[in-house]
Number of protein chains: 2
Amino acid sequence: MSELTISQIAQQAGIRPSTIRYYESINVLPEPRRVSGQRRYDETILERLAFIQVTQKLGFSLTEIQQLLQSHNEDAQLSEQWQNIAQQKLVQVELLLQRASNVKQLLSQGLQCGCSNLLDCIQCVLLNCNSAQR
Amino acid sequence: MSELTISQIAQQAGIRPSTIRYYESINVLPEPRRVSGQRRYDETILERLAFIQVTQKLGFSLTEIQQLLQSHNEDAQLSEQWQNIAQQKLVQVELLLQRASNVKQLLSQGLQCGCSNLLDCIQCVLLNCNSAQR
DNA sequence: GTACAGGTTAAAGTTGACTTGAAGTCAAGA
DNA sequence: TCTTGACTTCAAGTCAACTTTAACCTGTAC
């Protein structure tokens, strides 16, 4: 039941207080309760912030994240809508995962083979050349 | 040896001609040869554009991408620099891969369990609840 | 030869995601 | 009571990554 201030939350989440206020202003975060005008949060907000951070890194816009987070206490249509968005996003995440593992391979093989630039490495990976070429 | 115009390249890469000119202006793409003032490309540019697109999605800035692409025909120091950047980036990509697969699990399990919003689903995934709850 | 489709540049505008600044409120401590 | 530190709002500023605009050029088709 511990109640945290905006800067405590910010610190734990690794972001700035202004970011939290901004998220609230665009409805990505709900309005928290207040103590003499100041925001107070419980720790569940951290879960939400973590989700926002990861999905952002995955290329979701804040508008999309807001849609994902907000088909709540609404009718069945919106629940369907969330399923649709989630389905779309799932496809995108899968694609990104594939491509990311290609880049991962490119980078790590590049580090092994000792190519001096990336386009060399692309060739190197495509040709499956493992030998160091200095 | 087919020579393609800027809009043909743009179409194949799924971007706009203006983006290609922009990339050239910030040295992410090399200056192409010209025919009476107009840019002409061969298809290898598509490889480079594909790489740019993926790495961008993975969170690299254009400045970082430029660094990765440009430690070329330069001395050994720059080659080392590219190895350093590649090493750093590899760590980031691995982290992102982990997190992405969490989100993937969240989204796909969310679709299975029929939760009507994401925070329910986070709970659902954490509690390992597989049953549909309507 | 003139219209037109598609290219060119340089500069200004846009968008998303924040950050900063100014001016004010509030509670606790000296 | 007065200062201090941490909060508040609202508006304006910033930054990356493009896009749009305006004015112009060029090769081909009629």
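Because the structure is a prediction, the values reported are computed rather than measured. Each chain gets a letter, A, B and so on, in the order the sequences are listed, and its residues count up from 1.
- Checking side-chain atoms of B/Q8 against main-chain N and O of B/T5 turns up a donor-acceptor pair under 3.5 Å.
- Annotation: side-chain hydrogen bond (donor to acceptor under 3.5 Å, both in side chains) contacts of A/Y41 (sequence neighbours excluded): none.
- Of the residues in residues 7-36 of chain B, those with a non-hydrogen atom less than 4.0 angstrom from any atom of DNA chain C are B/S7, B/R21, B/R34.
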Stepwise, does the side chain to side chain contact (heavy atoms under 4.5 Å, CB included) test hold for B/D42 with B/L4? CA-CA 6 Å; B/D42 62 30; B/L4 301 168; over 6 Å; no

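- Partners of B/Q12 according to the side-chain hydrogen bond (donor to acceptor under 3.5 Å, both in side chains) rule, which considers only residues two or more places apart in sequence or in another chain, do not exist here.
- For A/Q56 and C/dC18, the shortest distance from a side-chain N or O to OP1 or OP2 is below 4.0 Å.
- The backbone N or O of B/F51 lies less than 3.5 Å from a partner atom in the side chain of B/T55, making a donor-acceptor pair.
- If you measure from atom CZ of A/R40 to atom C1' of C/dA27, you get 11 Å, rounded to the nearest angstrom.
- Scored by the side-chain contact (heavy atoms from CB on, under 4.5 Å) test, A/Q56 finds A/Y23, A/I52, A/L62, A/I65 as partners (sequence neighbours excluded).
- Read 5' to 3', the first and last nucleotides of DNA chain D with an atom closer than 4.0 Å to a heavy atom of chain B are D/dA17 to D/dG27.
- Using a 4.5 Å cut-off on side-chain heavy atoms (C-beta onward), B/I45 and B/I20 make no contact.
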Throw together a table of side-chain donor-acceptor distances under 3.5 angstrom for residues 24-38 of chain B, partners on residues two or more places apart or in other chains.
unit_1 : atom_1 : unit_2 : atom_2 : d
B/E24  : OE1    : B/R39  : NE     : 2.7
B/S25  : OG     : B/Y22  : O      : 2.7
B/R33  : NE     : B/E3   : OE1    : 3.1
B/R33  : NE     : B/E3   : OE2    : 3.2
B/R33  : NH2    : B/E3   : OE1    : 3.1
B/R34  : NH1    : B/G37  : O      : 2.8
B/Q38  : OE1    : B/R40  : NH2    : 2.8

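- The side chain of B/R39 places an N or O atom within less than 4.0 Å of a non-bridging phosphate oxygen (OP1 or OP2) of C/dT8.
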